Structure formats: C-alpha cells, structure tokens
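Beneath this line is the structure, given in structure tokens, with notes to follow.
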Amino acid sequence: MPSPKIPDDSRLDRIVAEARRAAEQRELGYRERALKMYPWVCGRCGREFTRANVRELTVHHRNHNHDDNPADGSNWELLCVYCHDNEHSRHIDHVRGAGYDLAAPEQAPATGNPFADLKAMLEAKGGR
C-alpha cells in the first residue's frame, strides 16, 4: 500500500500569504485613493472620522464589484463599518427577494421508503 501523500504546508502557507498580500495591496490602492478623495464622513450615518478611528471607515463599492475601481472614484463611497455591514445585508436580502439567488440543483425524488416494511416488522415483533 503506498504511503499517503504528505501535504507541503510551507507551499500552502506561501500561497495563502501571497493571496492575502495581493488582497491587501488591492484594497490599499483604492482605499488610500478614496480616503484622499472624499471627506472622512460616513455616507450613510454622517459620523465623522479622524486619524485615530479612520480604520473604522470602509470603502463601499456601489455596484458591489470590488474589481471595478475607476480612477474618478465613481463606484466608491465611504461608510463606517456598521453602515457597510448593513448595506451588504440589504443587498443580500434584495438579491434573494428578487429571485436572483442561484436555484438549488434539481434533486432526484427519493426512491426508497424507510417505512416500507414497518407494519410487517411491528407485527413480527408483537407476535413473539
């Protein structure tokens, strides 16, 4: 019997680290541009931010496409973390309510009946 293949943890760690770095770089690019472009105020609740708490201010993509980052910032708005979470929850509810959810795959109807011989089994047990 061949020995099981041992996963290369260091390779997996490198891949995960590279993916995280790429995501951070992508986020820093548009985040830094948005923070320079817009006042540090939540676009929903109006809360103002300073250097001390600007980490709680997020860049929201209006069309929900994080790869759509036009240079003029027209797809961005600054939202506090609370309003940002609320906006994404509302978007998910809208998508589900509008029937845009991916339909569950068709499932074949059950062909077995777990209770098929129940009566016979109960009668056999009672007849002992």
Side-chain angles (χ1 to χ4, degrees):
M1 182 166 155
S3 64
K5 185 175 180 181
I6 299 172
D8 183 0
D9 289 338
S10 63
R11 180 172 180 263
L12 181 60
D13 290 343
R14 279 193 314 273
I15 291 169
V16 169
E18 287 173 19
R20 285 186 179 151
R21 266 194 305 276
E24 287 170 2
Q25 287 300 322
R26 191 171 56 242
E27 180 179 308
L28 284 176
Y30 66 76
R31 177 177 169 73
E32 291 306 315
R33 291 188 335 224
L35 289 173
K36 288 177 184 174
M37 192 177 295
Y38 295 113
W40 293 0
V41 175
C42 176
R44 291 290 195 284
C45 68
R47 180 176 165 203
E48 295 183 17
F49 292 82
T50 64
R51 291 199 184 282
N53 64 354
V54 73
R55 69 185 172 280
E56 297 174 20
L57 191 60
T58 64
V59 178
H60 172 65
H61 290 79
R62 291 180 174 143
N63 68 0
H64 298 274
N65 179 354
H66 290 224
D67 293 323
D68 184 7
N69 295 301
D72 66 354
S74 59
N75 188 35
W76 305 329
E77 65 181 326
L78 297 178
L79 299 177
C80 70
V81 292
Y82 306 107
C83 291
H84 193 228
D85 286 347
N86 179 267
E87 176 62 29
H88 278 273
S89 295
R90 289 177 50 226
H91 176 70
I92 290 169
D93 291 345
H94 169 73
V95 168
R96 286 185 181 149
Y100 296 131
D101 249 1
L102 295 176
E106 287 277 333
Q107 292 182 347
T111 57
N113 182 353
F115 303 109
D117 294 325
L118 182 60
K119 185 176 181 182
M121 286 188 271
L122 288 173
E123 287 174 354
K125 191 173 184 176
R128 281 194 213 179

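If you're wondering where the values come from, they're calculated on a predicted model, not measured in any experiment.
- Legend: residues meeting ring-ring contact (aromatic ring centres under 6.0 Å, His included) with H64, ordered by chain and number and at least two apart, are H60, H88, H91.
- Sorted by first and then second residue, the salt bridge (Lys or Arg N to Asp or Glu O under 4.0 Å) pairs with a member in residues 112-122 form an empty list; sequence neighbours excluded.
- Side-chain contacts under 4.5 Å among hydrophobic residues (ILVMFWY), followed directly or transitively, place V41 with no other residue at all.
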Without placing hydrogens or testing angles, list every side-chain donor-acceptor pair under 3.5 Å for residues 51-58, not counting sequence neighbours.
from, atom 1, to, atom 2, distance (Å)
N53, OD1, T50, N, 2.7
N53, OD1, T50, OG1, 3.4
R55, NH1, A52, O, 2.6
E56, OE1, R47, NH1, 3.4
E56, OE1, R47, NH2, 2.6
T58, OG1, L79, O, 2.8
T58, OG1, H84, ND1, 3.4

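- Note that CZ of R33 and OH of Y38 are 10.5 Å apart. Values are rounded to the nearest 0.5 Å.
- Under the 3.5 Å distance criterion, with hydrogens and angles disregarded, a donor-acceptor pair is assigned to the side chains of N69 and H61.
- In the hydrophobic clustering of ILVMFWY residues, with side-chain heavy atoms under 4.5 Å counting as a link, L78 and M37 come out together.
- Nearest approach of W40 to L35, heavy atoms of both residues: NE1-O, 2.9 Å.
- To the nearest 0.5 Å, atoms CZ (F49) and SG (C42) are separated by 6.0 Å.
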**Request:** In sequence, state the C-alpha distance, the side-chain angles, and the governing distance for R44 and Y82, and then conclude on side-chain contact (heavy atoms from CB on, under 4.5 Å).
**Result:** CA-CA 10 Å; R44 291 290 195 284; Y82 306 107; over 6 Å; no
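- A search for side-chain contact (heavy atoms from CB on, under 4.5 Å) contacts involving L118 returns F115, L122, not counting sequence neighbours.
- Remark: D68 engages N63, N65, P70, N75 in a side-chain contact (heavy atoms from CB on, under 4.5 Å) (not counting sequence neighbours).
- Summarising the hydrophobic clusters (Ile, Leu, Val, Met, Phe, Trp, Tyr; side-chain heavy atoms under 4.5 Å, direct or chained), the residues clustered with L12 are V16.
- R90 meets the salt bridge (charged side-chain N to carboxylate O under 4.0 Å, His left out) test with E87; sequence neighbours excluded.
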